[in-house]
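Here the structure is laid out as structure tokens; the discussion comes afterwards.
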Amino acid sequence: MIKPFMPKLVYFEPKALDYPLGERLMEKFKDMDVEIRYTTSHNQVRNLPGDNDFQKYRNAKSTLVVGIRKTLKFDTSKPSAEYAIPFATGCMGHCHYCYLQTTMGSKPYIRTYVNVEEIFESAEKYMEERAPEFTRFEASCTSDIVGIDHLTHSLKEAIEFFGKSEYGKLRFVTKFHHVDHLLDAKHNGKTRFRFSINADYVIKYFEPGTSPLAKRIEAAGKVARAGYPLGFIVAPIYLHEDWQEGYYHMFERLHEELPEDAKKDITFEFIQHRFTKPAKRVIEKNYPMTKLELDESKRRYKWGKYGIGKYIYQKEEEEEIKTELFKYMKKFFPNANLEYFT
Ligand code: SF4
């Protein structure tokens with residue numbers, strides 16, 4: 001049973017206290033056994049405890065920086081949404097394969113942005129530009145937003161903000177089961193609540209610091225009963241001994257938990273395991289004991305953007321994964337929509 005995330009060290013940027021969320025967080029952490037420090041900017045967050053990079057990396061993942069989002073220009077987020085909406089960056093999880101290890105580099109601490117209203121104003125403008133088309137916003141491009149929301153409630157506010165909007169939709173994905181405070185949010189059907197799920201083996205060996213499958217499935221049941229449209233990302237799909245059974249069992253348990261109504265509008269996204277050369281180097285540094293298979297010679301090279309190609313499964317393996325998982329999905333969720341396999 002994994003407890004909700006609690007940072008050991010919290011930094012406040014000075015302006016953060018000008019915002020109600022900044023103040024609330026300060027009050028909250030003052031009453032707790034958490035070390036509070038001040039910093040002029042997150043870039044100044046140095047001297048994290050630890051004698052070496054390995055320890056510093058671990059300590060950074062239990063460090064929270066409360067600050068302001070300066071760039072209110074949103075990145076695009078194809079194919080699942082038009083824009084990435086930034087409420088936080090970084091994550092407390094320790095998934096060995098996580099892409100944040102490469103994108104966040106030397107700054108793996110978690111940042112939360114307290115200027116939520118300004119972020120909403122920016123979203124409003126993006127929606128106006130596209131109206132009467134819907135604009136979809138993805139809230140989990142740079143973090144596992146649900147994992148820290150029990151502290152900030154900014155995701156909850158976002159769910160209600162888009163619930164009231166005419167042309168906005170919100171989506172995010174999580175590996176955490178701490179969803180109770182989101183169940184009474186007035187989502188108005190505008191938020192697709194997605195869980196990242198996997199075979200038990202993958203969660204056990206490669207996703208330390210996140211919720212076990214049984215807990216995620218239980219949380220998905222609660223979310224479904226709260227009337228949210230649901231989605232599941234099965235990623236990374238990873239070949240291991242008896243993988244067929246592992247994935248079959250995952251679909252079966254999901255099917256047992258979810259109410260019939262929820263199964264009518266459900267989406268799946270399938271992503272096979274991949275790695276790049278730079279990612280492999282970081283993974284081996286941060287998780288030197290990992291069992292994650294990162295042998296280029298066993299994989300197929302696929303050219304990628306910016307000249308950084310990725311190593312994916314061989315064609316026959318890929319076909320087998322696709323066929324098997326699609327079969328299980330159809331067996332248990334005949335009305336589900338597979339958004340993509342990649
Ligand atoms: Fe990365 Fe998601 Fe794992 Fe967090 S939960 S470490 S964001 S893969």
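Worth saying up front: this structure is predicted, and the values here are computed from it rather than measured. Read the numbers this way: they start at 1 and go in the same order the structure lists the ligands and their atoms. Computed over heavy atoms, backbone and side chain alike; hydrogens, waters and symmetry mates excluded.
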is_close_aromatic([X], [Y]), centroid dist under 6.0 Å:
| X | Y | answer |
| --- | --- | --- |
| H96 | Y205 | no |
| Y126 | Y83 | yes |
| Y311 | Y301 | yes |

Anything protein N/O/S under 2.8 Å from atom 4 (Fe) of ligand 1? Just list residue and atom, please. C91 SG

Single hit among D184, D180, D149 for salt bridge (charged side-chain N to carboxylate O under 4.0 Å, His left out) with K156: D184

For R274, the salt bridge (charged side-chain N to carboxylate O under 4.0 Å, His left out) test, sequence neighbours excluded, returns none

F134 CZ: over 12 foreign heavy atoms closer than 6.0 Å: yes

